[in-house]
Every structure is written in structure tokens, then in C-alpha cells.
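Written out below as C-alpha cells is the structure these notes cover.
Ligands are counted one by one from 1 in listed order, and the atoms in each one are counted from 1 as well. We're numbering straight along the sequence, starting at 1. These numbers were taken from a predicted model, which means no experiment stands behind them.
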Amino acid sequence: MNGQKIINRDIEIEQMVREVSADSLKSYINKMVSFGTRNTLSSTTEKKRGIGASREWVVQKFNEFARNSDGRMSAFVDTTTLQADGRRIDSAINLGNAMATLKGTDPNDDRIYIISGHLDSRVTNVMNRTSDAPGANDDGSGVAAVIECARIMSRHSFPATIIFVAVSGEEQGLLGANYLAEKAKKEGWNIDAVLNNNIMGSNNSNETNIIDNTRLRIFSESFSVQDTGRATLNIRSLGLENDGRARQLARYVKEVGERYVDNMEIVMIYRNDRFLRGGDHTPFVQKGFAAVRLTEMNENYNHQHQDLRTEKGIVYGDLVEFMDFEYLRKNTAVNLSCLANLAKAPSVPQEVKVDVKNLTNSTSLFWKASKTGAIKGYYILMRETTSPIWQKKIFTIDTAMTLPYSKDNYFFAVQSVGVTDNESLPVIPAVGR
Ligand SMILES: [Zn+2]
């Protein structure tokens with residue numbers, strides 16, 4: 001099937017994407033590196049060194065941007081005390097996530113979108129809290145993307161709420177993300193998507209001479225934790241193993257990111273994270289939220305989790321000089337375009353169903369309007385069962401549609417579309433009788 005999708009860029013998002021600046025990103029990373037170490041176990045009281053000073057600086061940046069937000073953005077360090085755990089915390093610590101919330105403008109819209117990176121850094125020994133651990137790429141790159149998105153987006157308004165967060169404790173065991181995900185679950189936050197950015201500003205691998213700043217990986221899990229019992233039976237019988245919440249989000253990021261960012265291919269990896277490795281989206285995934293990880297195409301392990309040193313002419317360490325800020329600019333723009341498109345879009349269509357009353361070679365879908373947002377219409381999405389991406393997008397202003405294609409041979413979904421063409425996440429139809 002030849003898919004042809006011509007979707008205009010939203011001018012507001014296009015302008016925001018143009019504002020993403022390689023120089024700004026570089027300045028944030030230089031500042032983060034200047035705190036010496038940002039190890040989670042390092043000082044929280046020193047003024048110029050350690051995790052405490054660095055998280056205060058992130059919140060100070062957020063507060064600077066908040067001044068342009070008409071009172072919609074607020075920021076603080078969300079702290080908690082963690083006791084020694086016999087693993088990667090050897091004595092009680094004060095853990096803190098630097099967070100900014102850009103409140104949505106629609107009081108009836110409770111959707112939340114989260115962009116995260118991790119502020120903490122490490123050297124070879126994860127318990128080393130004193131040696132310099134610049135963490136320029138791991139994960140200065142992710143945090144710089146978070147700060148840059150906050151800078152640009154704080155001057156715009158969105159119906160839904162966006163949270164910008166630099167978590168801590170990633171290297172010590174995803175502690176800050178876990179703390180935030182638990183709080184979100186307990187307080188019943190309606191989190192629609194989490195974009196976790198970790199290691200995405202270097203363009204080369206240490207083993208080969210590949211240099212590539214045109215591809216970005218997105219990791220997503222196929223199933224969701226809710227997929228147990230009857231839900232699993234449904235997935236097996238309908239072949240929906242590629243339509244879990246995180247996988248849908250990854251597909252959305254690929255489509256929208258590539259729509260707004262030139263010379264960029266988003267490569268979907270059908271796996272929650274890199275082989276046997278972890279990241280801050282996982283605590284969210286484990287609590288049933290749609291969360292994905294964005295990571296550079298090729299990692300350079302000479303510059304990751306390494307003591308600063310030179311051996312046999314090879315410089316080890318996570319230093320600014322090894323980064324590609326044009327690549328980081330594009331990867332930040334992917335995040336920004338997706339966050340903006342999601343937060344501007346109406347909420348998802350409700351009660352989406354596929355009619356199975358009669359056996360037929362056509363497919364009839366019906367649904368109810370979105371709860372919130374100004375709706376222009378809906379897209380019916382369609383793809384072959386072997387296709388990783390949606391191949392056709394059909395627009396309608398109705399809340400029902402019959403297509404001359406068999407539900408035996410294609411997957412379908414429905415998205416709501418807002419007045420400036422921003423689409424919601426897709427909803428897979430349930431069986432309707
Ligand atoms: Zn790391």
C-alpha cells in the first residue's frame with residue numbers, strides 16, 4: 001500500500017522549532033559541567049559544586065523563563081530523603097528533581113505531558129562522589145533539551161499541562177524518576193505521554209568510524225502493565241502486540257518529529273531500552289503510563305561512565321568537546337514538536353469501536369467526540385499488519401466512517417484533530433456490537 005500523507009506544519013510549532021538553538025544547548029551543558037560532579041551522592045550544600053548547586057541552577061533557569069509565562073509556569077526542587085539501601089546509596093541522602101510545570105489553559109483539560117532528562121552524573125565507580133564527572137552527554141544532553149524546551153514553550157500557551165523535569169538518582173537506580181512516577185500514580189495524574197531523553201548529543205561510536213547525526217533512536221515496550229488476563233487474550237487474538245501505549249507513542253514521535261525536523265530519521269527500536277540497560281521512562285512504564293526513551297544512534301563508551309584520563313592516546317570521559325550540538329539541536333526539536341503537537345491537540349476520541357455485528361469485507365468505525373479541545377475533525381489511521389508505521393490518514397468531520405478495506409487485513413485507529421491540525425495520540429478500536 002502506498003501511503004501518501006501531506007500534513008501541513010503548524011506555523012506556531014514550526015516557529016518554536018526554529019528557535020531551538022545549538023548555542024543555548026551548549027551554554028547549559030557548559031554550566032552543568034562547571035559544577036564538577038553531579039553525582040547523586042555529592043554535596044547538596046556547597047554553593048558551586050555538586051548535585052545540590054546544579055539542581056538549584058536548573059530551577060533558577062526555569063524561574064527565569066517563568067517570568068515570560070503570564071504566571072502559568074512555576075518551578076521548584078521536589079525533594080525527598082532516601083535511606084541507605086545497601087546498593088547504590090550508602091548513607092541517607094536528600095534527593096531532588098528540578099521541575100517546572102507549565103499549566104494548561106483549559107481548566108477542563110487534565111492531561112499532562114512530561115519531558116525528562118537526568119541531572120546526575122558519574123565516573124567509572126558509581127559510588128565516587130568527589131571526582132570530576134562532567135556528564136556532558138550522559139545526561140547533560142537530555143537536561144539541556146528539557147531546559148531549552150522550557151525556555152521556548154514557556155512563552156506559548158497550550159490547553160494541556162507540560163512538566164519539564166531534570167530528575168536525579170538515575171545512575172543510582174532510577175531513583176528520581178521512580179519517586180516522581182510513584183507520586184503521579186498516587187495522586188492520579190492523567191499523564192498522556194513521557195518523553196525521556198538520555199544520552200543524545202554525540203554522533204559517533206567508539207568501535208567503528210560511523211559518524212551520524214541524522215538518526216535518533218526511540219525505544220518503546222510493546223505491552224503495557226495493564227495487559228494481563230482478558231487484555232492479553234484480546235492482544236493475542238487480534239494481533240495487537242505492536243499497539244501498546246508506549247509503541248503507539250513511539251510511532252507518533254516518529255511521524256511528528258520527522259514532520260518538523262529536517263534531515264532526521266527517527267528509528268523505532270521494539271524494545272523498552274537498550275539491551276540489559278535501563279532508563280528513567282521505565283518507572284513510568286511500570287506504573288502503566290505511556291513512556292519512551294530517546295537516545296542517540298551510536299553510543300561512544302569511551303565517553304560514558306568513565307574516569308577522566310588519557311590511556312594509549314585515547315581520551316576517556318564525558319566531556320563537552322565530544323559533543324555535536326547541531327545533532328542535539330535536532331533531537332531537542334523532535335521533543336519540542338511532539339510535546340507541542342500533543343499539548344495543542346484535543347484529547348483523544350472516546351469509545352472508539354469497530355462494528356462487528358455482520359461479517360463484511362469493509363470496516364466501520366464509530367466513536368464519540370473528545371472530552372476537551374476545539375475539534376476540527378478526526379483522522380482514521382490505517383496500516384498493513386506488517387507495517388511499523390501508519391500508512392494512510394483519512395480525515396473526516398463525522399464520528400463514524402466506513403472504509404472499503406477489510407479489518408482482517410489492516411490495523412485501524414482514530415485520532416482527534418484540532419483546529420490547527422494538531423493530532424491526539426491514536427486510539428485502537430475496541431470490538432463494538
Ligand atoms: Zn549513565
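- Geometric assessment of K344 against the ring of F158 yields a negative cation-pi assignment under the 6.0 Å and 45° thresholds.
- Nearest N/O/S atom of D138 relative to the Zn ion (ligand 1): this is OD2.
- Under a cut-off of 6.0 angstrom, the local environment of NZ in K376 is crowded, with over 12 non-hydrogen atoms contributed by other residues, nucleotides or ligands.
- When the Zn ion (ligand 1) is compared with the N/O/S atoms of E171, atom OE2 turns out nearest.
- In summary, H305 places an N/O/S atom under 2.8 Å from the Zn ion (ligand 1), meeting the contact criterion.
- A cation-pi arrangement is absent between R274 and F219, since the terminal nitrogen or guanidinium carbon is not both under 6.0 Å from the aromatic centre and inside a 45° cone about the axis.
- Side-chain contact between E296 and L216: absent, with no pair of heavy atoms (C-beta onward) separated by less than 4.5 Å.
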